[in-house]
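Here the structure comes first, spelled out in C-alpha cells, and everything after it is commentary.
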Amino acid sequence: PPKSTLSSSSAASDVYKRQVSTQSTGTIEKKRRFAQERAQRLKDPRIRQMGIDKQALEDQIKEKESMKKMEKDREDFFNNQAVPVSYTHLRAHETPEHLVCR
C-alpha cells in the first residue's frame, strides 16, 4: 500500500484506505447478517429442536452429498478415459528412446 505520514497523506494512500474499509465493511455486514439469520432460526420453535441449528446441518449434508457426487463423477470420468492395452501393443510403439517395461 502507498505510504503516508501523520503530516502528509498521498491521494493513492487515501484511495487504498477507502478500498480496504469498504471491503471490510461488506464482509462485516455479511457476517452480521448471517449471525442474525442464524439467531432467528434458533429462536423459531418450529425449526429449533433441542438447540440444534437444523438448517445449518441440512446445508452441511447437502454440501457433503454434492462433494461426494462431484468426486464420483470425476472418478468415473478418469476411469472411462483409461483403456487397457496389451503388452504386445505397448511393444509395437516402443522406440529405443522410450523403452516400455524394461
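Here E37 contributes atom CD and Q55 contributes atom CD; the two are 10.0 Å apart, rounded to the nearest 0.5 Å. Atom CZ of R74 and atom CG of N79 lie 11.0 Å apart (nearest 0.5 Å). A distance of 9.0 Å separates NZ of K64 from CD1 of I61, quoted to the nearest 0.5 Å. Between the CG atom in D73 and the NZ atom in K68 there is a gap of 14.0 Å [rounded to 0.5 Å].
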side-chain contact (heavy atoms from CB on, under 4.5 Å), that's the test. Do M67 and E71 meet it? Break it down for me. CA-CA 6 Å; M67 294 299 288; E71 183 65 29; over 6 Å; no

From CA spacing to verdict: salt bridge (Lys or Arg N to Asp or Glu O under 4.0 Å), E29, R32: CA-CA 5 Å; E29 285 300 318; R32 185 176 293 141; 2.8 Å; yes

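The environment of CD in E63 is sparse: at most 12 heavy-atom neighbours from other residues, nucleotides or ligands sit within 6.0 Å.
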